[in-house]
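To start, the structure under review is shown below, and the notes come after it.
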Amino acid sequence: MNWRGADTRNVVLKARRENFPVASCVLPRTHRRHLLAVYGFARTVDDIGDEAQTEDPLRLLDTVDDDLARLYAGRAPRLPVIRALAGTVETCSVPAEPFHRLIEANRRDQTVSRYDTFDDLLSYCELSANPVGHIVLHVFDMVTPSRLALSDRVCTALQIIEHCQDVGEDHTRGRVYLPGEDLRRFGCGEDDLAAATTSARLRDVVALQTRRADRLLDEGDRLARSATGFARLAIAGYIAGGRATSAALAQAGYDVLGRAVRPRGARFLTAWLRILTSRGHHRGHS
């Protein structure tokens, strides 16, 4: 894994595989550049946590954390992925804390592999997902306390939906992001998680998490309605991606083992348009 290299094309290719448009081509070039720089950072720390095999992931994460500190101390960063952030950090006045929280999430992945309750999972999402939304709000210059709270709901929902898609892949890495109390409630054991096909018990657990994510997206809809212009376009795209993926999971009967459940383009575009044309505005400037 050549995580130290600056490969913009690779970042763009990975972004295209996400459930939502990371940096839609309909956005201005400046916004797209900022969003791809943020995505490149988040993807890099995720890859270190998930894929580093020949080097110690914790040491590599410390290297990224130290270089991020160099940037915020006004010194030239050494790593291309941090150098790519420099313009975004300066232009958009992005604080360091969300970036450090993303690194901390991947540190946690090296030592914590199970979450017993849904609240435990929500606490993890505060590190692994919610900081990205905070950074995006800075990119679009629309940070307010109410919007930060709504963004947290959207980002947590997107993270939960991704965990539902990746049950099998996560389990092969020794991680289970489905709450332990829900697995026990439906009688799911290790055999269910390691199976080639999805048992009815496991489908019930995945369905429960998906419904929880749907409720969070319902609450987060107000974030898109509080935005205007390109910010509204981008945020609506993120929410629409979550809704389309949730619908794909339901259509697949929550069968997530041995197959890739992906959102359909037509369903995504319909959801995106519905959010963009939603009436009523919640300004959220408090």
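All heavy atoms count here, side chains included; hydrogens, waters and symmetry mates do not.
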Main-chain N/O of [Y] paired to [X] side chain as donor or acceptor, under 3.5 Å:
X	Y	result
Asn106	Leu102	yes
Ser123	Asp119	yes
Thr63	Arg59	yes
Asp192	Gly189	yes
Thr156	Asp152	yes
Trp272	Leu233	yes

Any donor-acceptor N or O pair under 3.5 Å, side chains [X], [Y]:
X	Y	value
Gln159	Ser128	yes
Ser151	Asn130	no
Asp166	His171	no

| message | Check for me whether Arg108 meets the cation-pi criterion with Tyr124, that is, NZ or CZ under 6.0 Å from the six-membered ring centre and within 45 degrees of the ring axis. | response | no
Is there a path from [X] to [Y] through hydrophobic residues (I, L, V, M, F, W, Y) whose side chains come within less than 4.5 Å of each other?
X	Y	answer
Leu127	Val154	no
Val45	Leu68	yes
Val112	Leu178	no
Leu193	Leu208	yes
Leu121	Leu202	no

Residues [X], [Y]: salt bridge by 4.0 Å N-O rule:
X	Y	value
Glu169	Arg173	yes
Asp182	Arg201	no
Arg70	Asp66	no
Asp46	Arg43	yes

Using every non-hydrogen atom in the two residues, find where [X] and [Y] come nearest and quote the distance to one decimal.
X	Y	result
Arg222	Leu150	NH2-CD2, 3.4 Å
Met142	Arg147	O-CD, 3.0 Å
Val256	Leu249	CG1-CD2, 3.6 Å
Thr88	Val94	O-CG2, 3.9 Å
Ala195	Leu257	O-CD1, 3.4 Å
Thr117	Pro179	C-CB, 3.8 Å

| request: Take Thr44 and Tyr39 through the test side chain to side chain contact (heavy atoms under 4.5 Å, CB included) and record every step on the way to the result. | output: CA-CA 8 Å; Thr44 294; Tyr39 177 79; over 6 Å; no
| How are the rings of Tyr115 and Tyr177 set relative to one another: parallel (under 30°), tilted (30 to 60°) or perpendicular (over 60°)? | parallel
| Has Arg184 got more than 12 heavy atoms of other residues, nucleotides or ligands less than 6.0 Å from its CZ? | yes
| Is the number of heavy atoms from other residues, nucleotides or ligands under 6.0 Å of Arg114 CZ greater than 12? | yes
If you measure from [atom1] on [X] to [atom2] on [Y], what distance do you get to the nearest 0.5 Å?
X	Y	atom1	atom2	result
Arg274	Asp221	CZ	CG	10.0 Å
Leu71	Arg78	CG	CZ	12.5 Å
Arg101	Arg107	CZ	CZ	14.0 Å
Ser246	Gln251	OG	CD	11.5 Å
Cys155	Leu216	SG	CG	11.0 Å
Asp67	Leu85	CG	CG	10.0 Å

Would you call [X] and [Y] a side-chain contact if the rule is heavy atoms closer than 4.5 Å?
X	Y	answer
Val205	Gln209	yes
Phe99	Val64	no
Ile103	Phe41	yes
Tyr254	Thr210	yes

| said: Applying side chain to side chain contact (heavy atoms under 4.5 Å, CB included) to Arg153 and Leu217, what does each step give before you reach the verdict? | reply: CA-CA 7 Å; Arg153 289 168 172 78; Leu217 288 176; over 6 Å; no
| task | Assess whether side chain to side chain contact (heavy atoms under 4.5 Å, CB included) is satisfied between Arg262 and Thr245, documenting all intermediate values. | result | CA-CA 6 Å; Arg262 306 295 302 169; Thr245 309; over 6 Å; no
| message | Would Ile239 and Arg243 count as a side chain to side chain contact (heavy atoms under 4.5 Å, CB included) here? Give the steps. | response | CA-CA 6 Å; Ile239 297 172; Arg243 293 203 178 282; 4.1 Å; yes
| said: Using the ring centroid of each side chain, check whether Phe140 and Phe230 are separated by less than 6.0 Å. | reply: no
